[in-house]
Number of protein chains: 2
Amino acid sequence: MVITEKHIQIISKAEELFATKGYEATTVRDIADAAGVNLAMISYYFGSKEKLLEALFQERMNTTKHRIETIVKTETLSPFQKIEIIVDEYINRVAEKQAFYKIMLCEQVINKNTVVMKLLKDLKLVYAALISGVIEEGQRTRVFKKDIDVVMMLTTMTGTVTNMLVNKEYYREFNNQKKISNTLFEEQLQVNLKKHVKQIFKALLGYES
Amino acid sequence: MVITEKHIQIISKAEELFATKGYEATTVRDIADAAGVNLAMISYYFGSKEKLLEALFQERMNTTKHRIETIVKTETLSPFQKIEIIVDEYINRVAEKQAFYKIMLCEQVINKNTVVMKLLKDLKLVYAALISGVIEEGQRTRVFKKDIDVVMMLTTMTGTVTNMLVNKEYYREFNNQKKISNTLFEEQLQVNLKKHVKQIFKALLGYES
DNA sequence: TAAAAATTCAAACAATTGTTTGAATTTATC
DNA sequence: GATAAATTCAAACAATTGTTTGAATTTTTA
């Protein structure tokens, strides 16, 4: 399918709505209104509401895959540096596309749309393979511990970061950060998250910075 | 509201359906059929579909709160023992009520039902207060580090465990555990999760077992 | 610029939604 | 065992859903 500017416009508005109302509760009329197009345009451009969701996942996960691949190709980095970059990049990506990662969270639970689930599985395999490679490299040079549970480790990273998406306001309240601006809070949260996940990874992998 | 056996029956079937299809995609007719009652009974017993969801949260989170409170009351335990029990109990609870925690995940994203959100916030505050107390106790006796980010720590626990709910099959596949039985896999996963979260908490809190 | 293709639109489509109705049946109360 | 209350049920309710239609408009092509 050829993606035009119009596609992007509709996808991006749908993304917002799916994230705030949920996929099922978002009507095609909601999306059309938000995107400023006629109701029939969604079917005309995407075929159906479901295929619009699939197009959204295709689009977002394509760019994600590209960004991951560029990390792997950087050969000059040490295993420990690679791990840190993977963490930084993941947290940047979630912060950048918060709405999408919220949708992802729900879609994984529902586990219904086969196209979406296939895309998710592929991405996870790419991730696991990438990390596994880095870890094995680090194990050969005796920087990392033996017997690392890669998927468990990844689950902690994605779980912590995506869970923070829904715990954010609560985190802010508990730490008395209601006074500071939204953007400053978001920035600080990203810094804290990166530090936190890296600290965990260090403990799991056994290296010292 | 007085909860009868019939209420429980409907709530429990609704829980299953909400977890597998999502709240919005689950129809009142689905629930009535699954529970073996007439369609009108859901309105008759709960008032509406939305209030049924609220009743589900009320019910499940009441029992959760009770179980948490009993942990706090055990005075003879050391801070480190308390932390370990909190982790064990949390993972047991999620394993026991997987469907409910899946619904919880989605409802937190949607953030729509105010009654549900209030219940969630209350529970989170109870949790944060409980952990904070234990951590402060451990800090006084110099067993735990200073400057612990409690909410961040909790987010890692809940994030890891609930994310594993949707990563489970993938975890199984990656670790070549497709041959073993479902119950055995679930048991092993619980053991691994407990070990994993405790290891992370040790690193974050700074104690050694 | 004329013909063809692509896009936009209001209107209508059938299907499904949560909820209510009011009569029938069961259970509880005295 | 008669009266009252609670429960069950099939049917109907109005509203909303995703999608399609076919004519009107715009854009592209030649």
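Numbers restart at 1 for each chain; the letters A, B, ... are given by sequence-line order, proteins then strands. Hydrogens, waters and symmetry mates are skipped; everything else that's a heavy atom, side chains included, is used.
OP1 and OP2 of D:dA6 both lie 4.0 Å or more from every side-chain N or O belonging to B:Y44.
Looking at A:K168 and A:E186, a side-chain N of the basic residue comes within less than 4.0 Å of a carboxylate O on the acidic one, giving a salt bridge. Here A:K124 does not pair with B:E173 in a salt bridge; the nearest charged N to carboxylate O distance is not below 4.0 Å. Between B:R29 and B:D33, none of the side-chain N atoms (NZ, or NE/NH1/NH2) sits under 4.0 Å from a carboxylate O, so this pair counts as no salt bridge. Taking the charged nitrogens against the carboxylate oxygens, A:R67 and A:E96 do have a contact shorter than 4.0 Å, which makes a salt bridge. Checked for salt-bridge contact, A:K198 and A:D88 meet the test: a charged N lies under 4.0 Å from a carboxylate O.
If you take CD of B:E5 and C1' of C:dT27, they are 17 Å apart, rounded to a whole angstrom. For the pair B:K49 NZ and C:dT20 C1', the computed distance is 17 Å after rounding to whole Å. Here the C1' atom of nucleotide D:dG18 and the NZ atom of A:K51 are 13 Å apart, to the nearest Å. Per the geometry, CG belonging to A:L39 stands 15 Å off P belonging to D:dT16, to the nearest Å. As a whole-Å value, the separation of B:N38 CG from D:dC9 P is 5 Å. Atom CD of B:E54 is separated from atom P of C:dG18 by 15 Å (rounded to the nearest Å). Rounded to whole Å, the distance from CD1 on B:I31 to P on C:dT16 is 17 Å. Taking atom CZ of A:R29 as the reference point, atom C1' of D:dT19 lies 9 Å away to the nearest angstrom.
Among the heavy atoms of the strands lying under 4.0 Å from B:T27 are primed sugar atoms or P, OP1, OP2 only; no base atom is included. Counting non-hydrogen atoms under 4.0 angstrom, A:I42 reaches nothing in the nucleic acid. The residue B:T26 sits close only to the backbone: its heavy atoms come under 4.0 Å of sugar-phosphate atoms, none of a base.
In this structure, of C:dT19, C:dT21, C:dC9, it is C:dT21 that holds the atom nearest to the side chain of B:A40.
Each of B:V37 and A:D30 was matched to the nucleotide of DNA chain D holding its nearest heavy atom; the match closer to the 5' end belongs to B:V37.
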